[in-house]
Each structure stands twice: as structure tokens, then as C-alpha cells.
Amino acid sequence: MTSGIIRVGIAGWTYEPWRGTFYPKGLKREQELEYAASQFRSIEINGTFYGMQKPAAFAHWADQVPADFVFSVKAPRYITHILRLRDPLVPLANFIASGLLRLGPHLGPILWQFPPNFRFDPGRIEPFLRLLPPDTEAAAKLGAKHDGKLHAPAWLEVKAKRPIRHAVEIRHESFRSEAFIELLRAHNVALVCADSVEWPRLMDVTADFVYCRLHGSEELHANGYDNAALEMWARRARAWASGGEPEDAERAGGKARPRKRDVFVYFDTERKVRAPANALELMRRLRT
């Protein structure tokens, strides 16, 4: 069995502590994304979480990255934190119509992060998962249901039909449930493996890809991951990519069917200054 693609990256790219450390001194701020994309194979877009964007912004981001680069996109907190998945159809359509499809081949997974006080509720979560578009054509069709709250004319052009991947990051212990795992598997939605001291860390494989966010599971990781921790995550990533699961996997459900899977690993440590260095070291260990 061949292995899937492992992409290691960072969450966001505009942080003051990176200037003069990760970014070369004198690098213009408008050149930071291009530089970061030259170092990593993927980056999380976080601005989409905080507010609605415009198609021109997505096009600008796409123009600055290499051909084989993909973004993951953090979905709006308006849907997850304010509406808490209630009546999400039109807000989801607005998110799509705001320019998501302008990323074209650079569109990677969409990250849906639930708030810490959001509990597992099958009656609310299953309809939401069913609504998520599995490909760009389905997304364009859904995006056409947008309302008048867009900040610019809608962008719903699809040049090629491509799969769209979705991942869910949980932050409440009630999700440590086999029923939740089976629900994600039924809709091919990935459960984010969040390495954090505050939230559940589960490694159940629930989709045709794996998504990890490394926040720092111990106090010592607040300043970054040491060599032993990075080697441990390298072993886990290799196991997932090759179709298996890590020997130390923490699961709420049973093992997934063996198959090669793409793996996305993002560093988002509390003190972000170490995130780029950790990501580069993990890439070196994986030789990606």
C-alpha cells in the first residue's frame, strides 16, 4: 500500500514575533504569505473564522502560493459559536459565496471548530454534517442560496469539480462517544486530533484524511515541542499516511478500515514564536 501525502504547516501567517525570527529581517508584510508558503505545504487561513471575506481576498491568497500548495480554511465562528449550528443553511451559503471557491485547486480542508461549552447533540450535529458540501459543484449550488449580507458580489464559479474535505475540532468531553465517531464516519468528516492540555485528545480516524492541530498538550510545549515529542508526532503521521493507526492512539470508537490517507498537521502553540521552527523540524523528520 502506498502512502498518502503528509502536509505540515502553521495556523495563520501574520504574527509579530515571527518577524526577524522566522521571517527574514526586512521582509515586507505583504510578502509574508509568499515566504511562508515557500517553506510549508499548507497553512490554515484563520481570518475567515472572525469575519466574512471578499472574493478578491481569496484570489490574492491563491496568487501567492505554489501550484501544489493547499490552504485549510477555518469556518466562521458565526455558525459554530453564535448560531451553534442552528439554521446554518444561509450562513453556510454566505461563507461559500464570499469567495471560498476562488482558491481553486488550493482549497484544502475546511475546519469547523466547536466552542468549549458545546456538547454532543446528535439531533443538531447530524443535520449539519448532512448539509456540508462534498465537492465544489455541490458547494456552488449551496452557495447560490446566499442572502444579501455579502461584502462583495458572490463568487460561485467552478472550473473543475473537486472534492471538499471537512474536519471538526471538539472541545467538550461529551464528544468522547462512539456514536459521534460513527456519525463522522457516515459523512466522511475528519475528527481533528487536537493536542491540547484543555480539550479532549482523540485520534479516531473518521474520514479519508487525518487532520491534527498541535496546540501543546503539556506546559513545556507552550514554548514549542521538543525533539522527543516531534519524533512521536512523526511516527503517528507516518502510521496514518500508510493506512494504519498509531500504536498509542486514543480512541472513542473502533479502528478504521486500513487505507492510505493524506495527513495535515498544523502547529498552533500558545506562544506562536516556536510554531514555524517546530513545523520545519517535523518536516525534516518526515522528509516531506
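Note that the structure is predicted; figures quoted are calculated from it, not measured.
- Within a 6.0 Å sphere centred on CG of Asn117, heavy atoms belonging to other residues, nucleotides or ligands number more than 12.
- Taking the six-membered ring for Trp and thresholds of 30 and 60 degrees, Phe175 and Phe120 have ring planes inclined between 30 and 60 degrees apart.
- For the pair Glu44/Arg213, a side-chain contact is recorded, criterion being any heavy-atom separation below 4.5 Å from C-beta on.
- Linking Ile, Leu, Val, Met, Phe, Trp and Tyr whenever their side-chain heavy atoms come within less than 4.5 Å leaves Leu83 and Leu92 in two separate clusters.
- Listed for the Ser42 side chain is a donor-acceptor partner under 3.5 Å among the backbone atoms of Val70.
- When only modelled atom types and interatomic distance are considered, His215 and Glu169 share a side-chain donor-acceptor pair under 3.5 Å.
- Cation-pi geometry between Arg102 and Trp155 is satisfied (NZ or CZ under 6.0 Å from the ring centre, within 45° of the ring normal).
- By the 4.5 Å heavy-atom criterion applied to side chains, Leu101 and Leu103 are not counted as neighbours.
- Using a cut-off of 4.0 Å between Lys/Arg side-chain N and Asp/Glu carboxylate O, Arg201 and Asp195 are scored as salt-bridged.
- The number of heavy atoms from other shown groups lying within 6.0 Å of OH (Tyr35) is above 12.
- Ring geometry for Trp61 versus Phe71: interplanar angle of 30 to 60°, hence tilted.
- Paired with Phe40 under the rule ring-ring contact (aromatic ring centres under 6.0 Å, His included), one option of Phe69, Tyr266, Phe22 passes, and it is Phe22.
- Leu27 has its side chain within reach of Glu32: a pair of non-hydrogen atoms, C-beta onward, lies under 4.5 Å apart.
- Environment of CD in Glu16: crowded, with over 12 heavy atoms of neighbouring residues, nucleotides or ligands closer than 6.0 Å.
- Contact check for Ser72 versus Tyr211: side-chain heavy atoms found under the 4.5 Å cut-off.
- Outside the 6.0 Å centre-distance limit, the rings of Phe128 and His187 are not counted as a close aromatic pair.
- Between Leu214 and Asp268 there is no side-chain heavy-atom pair separated by less than 4.5 Å.
- The two atoms that bring Trp240 and Val263 nearest to each other are CB-CG2, 3.7 Å, heavy atoms only.
- At a threshold of 4.5 Å between non-hydrogen side-chain atoms, the residues Pro133 and Ile96 count as touching.
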